[in-house]
Amino acid sequence: MDPHLLRTFVAVVGQGSFSEAARELGYTQSAVSQHIATLERDVGAVLLHRRPVAPTGVGIRLLEHARPLLLRWDAARADMARMTAAPATRMVIGMTPLAMTARFGSTLADLRLTRPHLAVTIRVLGRAALLRDVATATVDLGLVDGMAAPTDPLHLPDTGPLTTTALSERPLAVALPASHPLAGRTGLSLTDLADARWIDAPDTAIPLAHLRAVSGTDGYRPSLCYEGTDVRGLTTLIAADHGLALLPQRPLDDQPGIHAVPLHTPRLVHRTEALYQALPDSPAALLASALAADA
């Protein structure tokens, strides 16, 4: 299938409109319609309902393939560009809100002493955006966090031939308001909290979808959804009794109005990894190696 047609299909589904997809892609609406018609002929099935615009059952399945295929397509182009580019004079570091390791600042400072003319930009991103931007070379080094069994790697989507380096593992804790009945416990089990009120903050806390997958239940339903990357904003909502969240224990120790109860079962940790293209002597590879050595 032509990736240009797949990209048009994904845009139409994302926008819910042929005209809005045309505006996003810089095509005419007629061209978008032709792309979808050609793709449907290629697949041999109707992919979109027209009124309202929404994917059919076949379209939903194609969408599951199309998004990772397009990401790999973009990643391949970015990979070739990285390998043929001149030596880097700038480095963009992307990190999820809880991926800042204790030694990151000093390790970065040491690298900048050896490369004083290196321009550095740091961006705080959600997990999905970070993985996409590392794969497509918008970000040179990504620091991503998540939940895993001890010593196991994070379960990340396939984004191409990137190098992954473990940086840290920390205990997880359930963040509760200080007045919560469970705040005095010495430890908690996830299975006992399936029916509790949770805050779904997929770009800051451990996503509730991951808790459901680990426990094999359909519990952990959100009482509030928090979109953003401000950890302090999330803890403020927890302190005000809007719901619970699963977070690494150390950042919670100094938060007012919050009590952090260690997660005892199942045995899971908060893990941070570095993602980068392993080009010799690139600033991203050097910084990742230094962060791993410090860990």
| task | Assess whether atom CZ of Arg267 is packed by more than 12 heavy atoms of other residues, nucleotides or ligands within 6.0 Å. | result | no
| Would a distance-only check, ignoring hydrogens and angles, find a side-chain to backbone donor-acceptor pair under 3.5 Å from Arg127 to Val144? | no
| message | Show, in sequence, the C-alpha distance, side-chain angles and deciding distance for Leu193 and Trp198, and conclude whether the side chain to side chain contact (heavy atoms under 4.5 Å, CB included) test is met. | response | CA-CA 9 Å; Leu193 299 170; Trp198 289 83; 3.8 Å; yes
| Yes or no on salt bridge (charged side-chain N to carboxylate O under 4.0 Å, His left out) for Asp110 and Arg103, after CA distance, side-chain angles and deciding distance? | CA-CA 11 Å; Asp110 292 341; Arg103 294 294 303 278; 5.3 Å; no
| said: Test your reading of the model: is there a side-chain donor-acceptor pair from Arg197 to the backbone of Asp241, 3.5 Å cut-off? | reply: yes
| Close side-chain approach of Asp230 to Thr204, heavy-atom, < 4.5 Å | no
| query | Do Pro248 and Leu98 come within less than 4.5 Å of each other through their side chains, counting heavy atoms only? | reply | yes
| field | Heavy-atom neighbours of Glu64 CD exceed 12 at 6.0 Å | value | yes
| Do side-chain atoms of Arg271 reach the backbone of Ala166 as a donor and acceptor pair under 3.5 angstrom? | no
| request: Could you pull out the closest heavy-atom pair between Ala239 and Ile258, with the gap in Å? | output: N-CD1, 3.5 Å
| said: Please tell me whether Ile60 and Val46 are part of a single hydrophobic cluster in this structure, the criterion being side-chain heavy atoms less than 4.5 Å apart. | reply: no
| Are side-chain heavy atoms of His4 and Leu25 found at a separation under 4.5 Å? | no
| said: Go through it in stages, so that I can follow the logic: the residues are Thr136 and Leu71, the test is side chain to side chain contact (heavy atoms under 4.5 Å, CB included), and I'd like the CA-CA distance, side-chain angles, deciding distance and then a yes or no. | reply: CA-CA 8 Å; Thr136 57; Leu71 178 58; 4.1 Å; yes
| Do Leu108 and Ile93 have side chains that get closer than 4.5 Å, going by heavy atoms? | yes
| Over 12 foreign heavy atoms within 6.0 Å of CZ, Arg185 | no
| field | Atom of Leu234, atom of Ala205 and distance for their closest heavy-atom approach | value | CD2-CB, 3.9 Å
| request: Compute whether any side-chain donor of one residue and acceptor of the other, for Arg232 and Thr235, lie under 3.5 angstrom apart. | output: no
| request: Report yes if some heavy atom in the side chain of Thr191 is under 4.5 Å from a heavy atom in the side chain of Thr265; otherwise report no. | output: no
| message | As an exercise, state the distance from OG1 of Thr56 to NE2 of His49, rounded to the nearest 0.5 Å. | response | 5.5 Å
| said: Could you check whether Ser17 and Ser19, counting side-chain N and O atoms only, form a donor-acceptor pair closer than 3.5 Å? | reply: yes
| task | State, to 0.1 Å, how close Pro262 and Thr186 come at their nearest heavy-atom pair, and which atoms those are. | result | CD-O, 3.6 Å
| query | Is a side-chain donor or acceptor of Gln249 paired with a backbone partner of Arg170 at a separation under 3.5 angstrom? | reply | no
| task | Side-chain contact test, heavy atoms from C-beta onward, threshold under 4.5 Å: evaluate it for Ile36 versus Arg50 and give yes or no. | result | yes
| Gap separating the CG atom of Asp192 from the CG atom of Leu182, nearest 0.5 angstrom | 8.5 Å
| message | Once rounded to the nearest 0.5 Å, what's the spacing between atom OG1 of Thr8 and atom CD of Glu24? | response | 9.5 Å
| said: Within the 4.5 Å heavy-atom criterion, are Leu63 and Phe9 side-chain neighbours or not? | reply: yes
| request: Treating Ile, Leu, Val, Met, Phe, Trp and Tyr as nodes and any side-chain heavy-atom pair under 4.5 angstrom as an edge, say whether Leu154 and Ile206 lie in one connected cluster. | output: no
| So do Pro153 and Thr164 actually touch side chain to side chain, heavy atoms under 4.5 Å? | no
| query | What heavy-atom pair brings Ala45 and Val58 nearest, and what distance separates the two atoms? | reply | CB-CG1, 3.9 Å
| said: Would you say that more than 12 heavy atoms from the other residues, nucleotides or ligands in this model lie under 6.0 Å from the CZ of Arg221, or not? | reply: yes
| said: Hydrophobic cluster membership, with links at side-chain heavy-atom distances under 4.5 Å among I/L/V/M/F/W/Y: are Leu130 and Met95 in one? | reply: no
| Step by step, would you call Leu39 with Leu62 a side chain to side chain contact (heavy atoms under 4.5 Å, CB included)? | CA-CA 11 Å; Leu39 186 59; Leu62 179 60; 4.1 Å; yes
| task | Establish, yes or no, whether a centroid distance under 6.0 Å links the rings of His242 and Tyr226. | result | no
| field | Atom pair CG/CG of Leu275 and Asp140 - distance to nearest 0.5 Å | value | 12.5 Å
| Value rounded to 0.5 Å, distance of CZ in Phe104 from OG in Ser168 | 12.5 Å
| With hydrophobic residues grouped by side-chain heavy-atom distances under 4.5 Å, do Val10 and Tyr27 end up in a single group? | yes
| said: Quick one about Asp145 and Thr96 (side-chain donor to acceptor, distance below 3.5 Å, no hydrogens or angles considered), yes or no? | reply: yes
| query | Sub-3.5 Å donor-acceptor pair from the side chain of Asp203 to the main-chain atoms of Gly228, do we have one? | reply | no
| field | Atom pair CG/CG of Leu172 and Leu188 - distance to nearest 0.5 Å | value | 12.5 Å
| said: Under 4.5 Å between side-chain heavy atoms, counting indirect links through other Ile/Leu/Val/Met/Phe/Trp/Tyr residues: same cluster for Phe18 and Val43 or not? | reply: yes
| message | Looking at Ala183, is its backbone amide N or carbonyl O close enough to the side chain of His259 to form a donor-acceptor pair, meaning the two atoms are under 3.5 Å apart? | response | yes
| request: Of all the heavy-atom pairs spanning Leu70 and Pro3, show the shortest one and how long it is. | output: CD2-O, 3.5 Å
| request: Ignoring hydrogens and angles, tell me if any N or O in the side chain of Arg123 forms a donor-acceptor pair with the backbone of Val92 under 3.5 Å. | output: no
| task | Before giving the answer on side chain to side chain contact (heavy atoms under 4.5 Å, CB included), spell out for Leu287 and Leu291 the whole-Å C-alpha distance, their side-chain angles and the decisive distance to 0.1 Å. | result | CA-CA 6 Å; Leu287 180 57; Leu291 289 169; 4.0 Å; yes
| remark: Here the pair of heavy atoms bringing Leu244 nearest to Pro177 is CD2-CD, 4.2 Å
| request: Please answer whether the main-chain N or O of Thr165 pairs with a side-chain N or O of Tyr276 as donor and acceptor at a distance below 3.5 Å. | output: no
